[in-house]
Amino acid sequence: MTAGKRIQILGRSGGVSPFPRLAEDVRKGLTKEPKELPPKYFYDARGSKLFEEICELPEYYPTRTERSILTRIADPIVEECQPRTLIEFGPGNANKTRLLLDAIAKRGLLRRYVPIDLSEDFLREILTIFGSAYPNLSIHGLIGDFQQPVEIPPDEGRRLVVFLGGTIGNLTPGEADVFLRSVARMLGPGDRFLLGTDLVKDVRQLERAYNDSAGVTAAFNLNILSVINQNLGADFDLDRFEHLAFYNHEESRIEMHLVARHAHLVRIKDIDLIVSLEKGESVRTEISCKYTRSMVEAMLKRAGLRLCRWETDEKGLFGLSFSTLEGGHAPFSNIPPELARAKPALEQGQASAKDLLRGFQQSPWPVF
Ligand code: SAH
Ligand code: AVI
């Protein structure tokens, strides 16, 4: 806890590894062929700073494009949803989120903001800045992996859940489906989900965004090796790798790789692993999926969500979708939102009514 009850960071007690599953993920990724690493490990303190620099690069259009769309639609979507709580996955520095918080605050509705991020540095920055910018706002920062079950503190009134920046594209399609189903379980009738997705476009523009002339994306990519060096006692020599980013048409995604300049061995002391790399062998460090409107609509539908608004910029570079629970209204409209939010879990057979009641009785923080 940082400054009294209004502002809290929950989820990590001092001394515990910043990335609890790093060891098993690194072992799994570097012992398979072709080798890969999960992109969530870019964001230590340095990686988070480098990502902020990426967002300012002339070639990296997603951040400023999404900001321009949000500037236009923040008011109407807040008017439609009337949220009291804003829950955000992977906020980073939450710069764009201010547009939504301001629109909610302007209507006198704003009560709680729940940012969920693996990066403690980003969360602390948010707490410091938003704590003074919004004096009546309760902020519950959750340090953790949104691909694992997340406990959201109970709240009253409507929720707006947001996932911006196109970060969903960093998940595989299977992971994205699992994630979206967990989002659906957080929603009750009247709650809304706002999702940012980068769109399919001219390949040259896509590839430029991930091969910037200042070399910031290359430094960001290489930083994942420093994270492994620092947290798992590895001896990756960053100079022995080259940044590679290209568009994979078949998979509709940018791929980032680190390519070994020479054949060499790397020792990862804490997991007792020696990794052998051939000259030219690559480790895939990130996918960044690019979507069309119909791909987004289908992905939402698979999770039980219905697209109710689709917004893009003039050039169709980036898309923001606003969705709601499919058929989540009628029978649940007059019961408390806490119970109504359990509807998808009940429907999909993931919970029995008894399980849910037990959860309410035992835990002050029911898991949805
Ligand atoms: N939404 C912001 C930041 C995007 S960068 C924007 O639009 O600019 C991606 C953010 O997601 C980083 O802050 C990173 O730490 C976080 N992140 C990535 N994978 C995550 C995971 N599995 N669990 C929690 N946070 C994650
Ligand atoms: C966070 N995420 C949406 C970024 C992207 O574009 O996929 C991460 C990134 N990787 C390289 N540049 C930016």
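Both counts, for ligands and for their atoms, begin at 1 and track the order of listing.
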Q. Are any of the N or O atoms of Ile116 closer than 3.5 Å to those of ligand 1?
A.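 In this structure, Ile116 places no N or O atom under 3.5 Å from an N or O of ligand 1.
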Q: Do me a favour and list the nearest non-hydrogen protein atom to atom 17 (N) of ligand 1 with residue, atom name and distance?
A: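 Protein heavy atom at minimum distance: Phe146 CE2, 3.8 Å.
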Q | Nearest non-hydrogen protein atom, atom 2 (C) of ligand 1 | A |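 Protein heavy atom at minimum distance: Pro91 O, 3.3 Å.
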I'd like to check which ligand 1 atoms, numbered from 1 as shown, lie under 4.0 Å from a non-hydrogen atom of [X].
| X | answer |
| --- | --- |
| Lys96 | 6 (C), 7 (O), 8 (O) |
| Phe51 | 3 (C), 4 (C), 5 (S), 8 (O) |
| Gly144 | 23 (N), 24 (C) |
| Gly165 | 7 (O) |
| Gly92 | 3 (C), 13 (O) |
| Phe122 | 13 (O) |

Q.
Under 3.5 Å, is there a donor on one side chain and an acceptor on the other for Asp198 and Tyr61?
A.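 Result is yes, a qualifying pair exists.
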**Q.** Sub-4.0 Å heavy-atom environment of ligand 2, residues by chain
**A.**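 Around ligand 2, where the cutoff is 4.0 Å for heavy atoms, the contacting residues are Tyr43, Phe51, Ile54, Tyr60, Gly165, Gly166, Thr167, Asn170, Tyr210, Thr217, Phe220, Met256, Glu286, Ser288.
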Q: Report the relative orientation of the aromatic rings in Phe19 and Tyr41; use parallel for angles under 30°, tilted for 30 to 60°, perpendicular for over 60°.
A: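 Geometry flag for Tyr41 against Phe19: perpendicular rings.
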Q. How are the rings of Tyr43 and Phe122 set to each other: parallel, tilted or perpendicular (split at 30° and 60°)?
A.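 Tyr43 vs Phe122 ring planes: tilted.
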Look at [X] together with [Y] and state whether they make a salt bridge at an N to O cut-off of under 4.0 Å.
| X | Y | result |
| --- | --- | --- |
| Glu281 | Lys35 | yes |
| Glu52 | Lys49 | yes |
| Arg204 | Asp202 | yes |

Q) Is Ala94 touching ligand 1 with its side chain, its backbone, both, or neither, if touching means heavy atoms under 4.0 Å apart? A)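 None of Ala94 does.
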Q.
Heavy-atom distances under 4.0 Å decide this one: backbone, side chain, both or neither, for Asp145 against ligand 1?
A.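 Under 4.0 Å from ligand 1, Asp145 contributes backbone and side-chain atoms.
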Q) If you measure from atom 11 (O) of ligand 1 to every heavy atom of Pro38, Gly90, Pro39, Cys55, which option wins on shortest distance? A)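 Selected option, by shortest heavy-atom distance: Gly90.
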Q: Going by heavy-atom distance to atom 14 (C) of ligand 1, choose the closest among Val150, Val162, Asp117.
A: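 The residue whose heavy atom sits nearest atom 14 (C) of ligand 1 is Asp117.
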Q.
With heavy-atom distances below 4.5 Å as the criterion, would you say the side chains of Leu110 and Asn136 are in contact?
A.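 When only atoms from C-beta onward are counted, Asn136 and Leu110 do not touch, as no gap falls below 4.5 Å.
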Short question: side chain of [X], backbone of [Y] - any donor-acceptor pair under 3.5 Å?
| X | Y | value |
| --- | --- | --- |
| Arg306 | Gly327 | no |
| Asn221 | His257 | yes |
| Glu59 | Ser213 | yes |
| Arg98 | Ala94 | no |
| Asp117 | Gly92 | yes |

